[in-house]
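Heads up: numbering here begins at 1 and tracks the sequence.
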Amino acid sequence: MTSSKVPRSASDTALTDPVRYPVSASSPVRTKRGFVLVLLTLLVPGSAQLVAGDRRLGRAALRVTLCVWAVVVLAVLLLLLNRTLLINIITNPFASLAIVILLVALAAGWAMLFVNTLRLIRPVLLAPSARPAVVISLVLALVLGSGSLGYLAYLLNVGRNAIGSIFSSGPAIDPVDGRYNFLMMGGDAGDDRTGRRPDSLSVLSVDAETGSTAIISVPRNLQNAQFSEDSPMRAIYPDGYNCGDECLINAINTEVTNEYADLYPGVADPGAQATLEAVSGTLGLTVQAYVLVDMEGFARLIDAMGGIKIKAGGWVPMSGYFDDYTQTHGMPLGWIPAGEQTLDGDRALWYGRSREFVDDYARIQRQQCVQQAMLKQLDPGTLLSKFEDIANAGTKVVDSNISSSQLGSFVDLAVKAKGQDVKRLTIGPPDFDASFSTVPDFDQIHERVDQLLASASSAQSAGIADDAIAVPAAGGGHIQASGVHSPITSLAGAGSLPRQSTPSDFTPVTTTPDGEPITEAMLNQLKREGNEQAIRELVATNGLCAPL
């Protein structure tokens with residue numbers, strides 16, 4: 001007896017395959033098939049074509065997908081094992097351009113696969129109620145996948161342009177005595193000026209192996225600055241930059257730019273280079289590179305970061321118009337109160353620059369605090385979420401002769417340095433007398449700088465977490481840890497404050513000695529009355545500052 005059923009051929013079975021031939025499938029299966037194909041294209045580009053469409057296209061796309069995965073795995077391994085090499089590849093102008101082109105090509109190819117997947121889904125075969133859900137899911141997957149690659153290419157190109165604008169293409173620098181030394185300058189530039197006149201000079205000294213960091217602040221009013229032995233300006237000023245009260249170290253930039261630029265053929269910024277050489281000779285330290293921040297554009301960078309958080313020790317005025325004839329300021333434009341503050345760009349700029357009612361050394365301490373707050377708060381999350389704004393602001397604010405070829409090494413050092421104790425020294429109060437900058441003892445400066453760097457290295461190698469390491473020196477004072485502030489004495493001669501032992505244990509001065517709250521109205525009233533001595537006493541602690 002024979003069966004009435006006739007076996008189906010392989011071709012008949014293939015035609016009823018719901019994945020490749022959805023016509024014969026039920027409505028729920030077609031819907032499920034549509035979502036699966038979208039998911040396959042998102043997670044494994046090319047696999048949807050391999051199982052339900054053009055197998056040749058699927059195999060080619062799958063090969064590309066596997067290659068991309070291999071590159072991603074290699075990048076992760078480099079991040080873990082050789083972060084410097086990875087960053088150098090990304091920041092290299094030619095390699096980064098190739099990566100941008102490749103990312104754009106991958107984004108376009110992935111988008112084409114999504115379009116092809118939509119054709120394979122055949123929305124007309126779907127139930128009317130299921131069509132919007134499947135199509136919307138495909139569009140979202142396209143944005144998530146192809147769109148993310150395109151945006152990544154865009155951000156990489158923004159960073160590539162920023163690096164090209166800020167950093168030089170010159171030769172790499174080598175560490176000296178195991179350290180990289182960078183001069184950080186904050187200065188003013190305008191249409192009516194030739195060259196910047198730095199108001200802030202700090203040397204950032206970083207151990208090339210451990211990332212241990214020391215900051216040396218040089219007051220802008222330092223006289224008789226010594227040029228390094230290899231400086232062309234040494235022939236002009238063999239005994240130091242000494243021509244009276246006008247020869248302050250911050251005047252070198254403008255003078256060289258205006259009068260001696262021919263001594264620096266081929267140098268992009270002769271004034272900045274000459275200032276670097278003066279700081280090198282003064283500190284007895286080889287400073288290899290500089291970073292110059294235009295203070296007028298500084299606010300943009302702070303705003304791009306979303307502001308900075310600090311704890312202010314005293315009220316800081318946002319000074320009004322300065323009368324050159326009377327040498328006095330008008331009524332303040334506003335005040336930054338004592339206590340915990342979130343400063344936007346404009347207020348952070350005033351906080352770092354204001355010196356009314358106090359001296360330059362209180363301002364130096366606030367500038368150091370602003371720098372530390374920026375470094376502390378520029379975490380990976382902030383950098384990624386605000387990358388475009390930060391990069392665009394940086395091109396308008398920052399100039400440097402650091403070679404872009406070494407960015408990988410320096411970013412790696414910055415990662416190592418993050419969270420470590422930072423030692424500090426100021427060539428002036430609180431580490432030297434206030435008169436020291438007028439008649440500096442360079443042998444003593446060199447000795448103190450050597451002690452500072454030795455203490456930074458020894459503290460790191462020994463794991464010491466002390467806030468300050470006492471160093472005997474003829475000029476008195478001590479080497480400070482990050483955020484540690486010594487007594488600040490007001491210009492009116494008010495008594496000094498007790499030394500604070502940690503970055504955040506000081507108490508902001510928010511009341512008068514009688515316990516009355518200090519307010520903006522009170523300070524403005526004292527200003528109107530001409531009682532500036534009382535204001536000096538009330539704001540004498542405004543150099544105290546800690547990043548939050």
Side-chain angles (χ1 to χ4, degrees), residues 199-200 217 219-221 310-320 322 327-341 343 347-348 350-370 424 426-437 468 476-478 480 483-547:
D199 280 338
S200 171
S217 294
R220 69 189 186 97
N221 62 346
I310 55 104
K311 183 169 78 169
W315 286 68
V316 175
M318 300 167 64
S319 301
F322 183 74
Q327 293 292 297
T328 58
H329 287 276
M331 185 64 67
L333 304 174
W335 292 82
I336 299 171
E340 294 187 4
Q341 304 291 330
L343 305 178
R347 287 162 63 83
W350 271 113
Y351 188 77
R353 297 182 68 185
S354 176
R355 61 177 181 270
E356 189 178 2
F357 307 120
V358 293
D359 59 19
D360 268 341
Y361 304 106
R363 181 173 73 158
I364 286 174
Q365 289 181 298
R366 281 186 265 112
Q367 288 172 347
Q368 291 176 341
C369 182
V370 169
R424 302 194 306 171
T426 299
I427 312 302
D431 298 304
F432 294 88
D433 294 334
S435 61
F436 188 82
S437 61
H478 59 275
Q480 298 182 32
V484 179
H485 303 276
S486 285
I488 299 177
T489 304
S490 73
L491 295 179
S496 61
L497 299 169
R499 173 182 175 271
Q500 307 300 331
S501 59
T502 68
S504 58
D505 71 347
F506 64 82
T507 301
V509 176
T510 57
T511 62
T512 68
D514 297 330
E516 182 181 358
I518 300 173
T519 64
E520 183 170 342
M522 173 193 291
L523 295 169
N524 285 340
Q525 181 61 32
L526 291 172
K527 177 68 174 180
R528 280 189 288 268
E529 295 171 356
N531 192 355
E532 296 202 355
Q533 179 174 338
I535 299 178
R536 292 188 184 103
E537 293 173 353
L538 293 177
V539 306
T541 58
N542 76 15
L544 288 172
C545 176

Chemist: How long is the straight-line distance from CD of E516 back to CE of M522, given to the nearest 0.5 Å?
Modeler: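 Answer rounded to 0.5 Å: 3.5 Å.
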
Chemist: Are any non-hydrogen side-chain atoms of I336 and M318 less than 4.5 angstrom apart?
Modeler: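 Yes - at least one pair of side-chain heavy atoms lies under 4.5 Å apart.
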
Chemist: Show, in sequence, the C-alpha distance, side-chain angles and deciding distance for N524 and M331, and conclude whether the side-chain contact (heavy atoms from CB on, under 4.5 Å) test is met.
Modeler: CA-CA 7 Å; N524 285 340; M331 185 64 67; 3.7 Å; yes

Chemist: Nearest 0.5 angstrom please: F432 CZ to I427 CD1, how far?
Modeler: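 One finds 4.5 Å between CZ of F432 and CD1 of I427.
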
Chemist: Give me the atom names and distance for the closest heavy-atom approach of S437 to P219.
Modeler: CB-CG, 4.0 Å

Chemist: Has the side chain of D431 got a donor or acceptor atom that lies under 3.5 Å from a matching backbone atom of T426?
Modeler: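 A pair under 3.5 Å: yes.
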
Chemist: Please give me the minimum heavy-atom distance between Y351 and N542, naming the atom from each residue.
Modeler: OH-O, 4.1 Å

Chemist: Report yes or no: does R366 contribute a side-chain atom to a donor-acceptor pair with the main-chain N or O of S354 at less than 3.5 Å?
Modeler: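 Answer holds: yes.
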
Chemist: At what distance, to the nearest 0.5 angstrom, does CG of L333 lie from OG of S319?
Modeler: 7.5 Å

Chemist: With respect to I518, which candidate in T510, V539, L523 satisfies the side chain to side chain contact (heavy atoms under 4.5 Å, CB included) definition?
Modeler: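 Among the candidates, only L523 passes.
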
Chemist: Out of curiosity, N531 CG to E537 CD, how far, rounded to the nearest 0.5 Å?
Modeler: 8.0 Å

Chemist: Shortest non-hydrogen contact from E520 to W335?
Modeler: CG-CD1, 3.4 Å

Chemist: I need the R353 CZ to R355 CZ distance, nearest 0.5 Å.
Modeler: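 Result: 8.5 Å between the selected atoms.
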
Chemist: Less than 4.5 Å apart, side chain to side chain, heavy atoms only: is that true for V509 and L538?
Modeler: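 They are not in side-chain contact.
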
Chemist: Can you name the closest pair of heavy atoms from V370 and A348 and give their distance?
Modeler: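 Taking V370 first and A348 second, the nearest heavy atoms are CG2-O, 4.4 Å.
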
Chemist: Report yes or no: do Q525 and R528 form a side-chain donor-acceptor pair below 3.5 Å?
Modeler: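 Judged by distance alone, the side chains do pair up.
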
Chemist: Taking all atoms of both residues into account, what is the closest heavy-atom pair of C369 and P547, and its distance?
Modeler: SG-N, 3.7 Å

Chemist: Give me the atom names and distance for the closest heavy-atom approach of F506 to L544.
Modeler: CZ-C, 4.0 Å

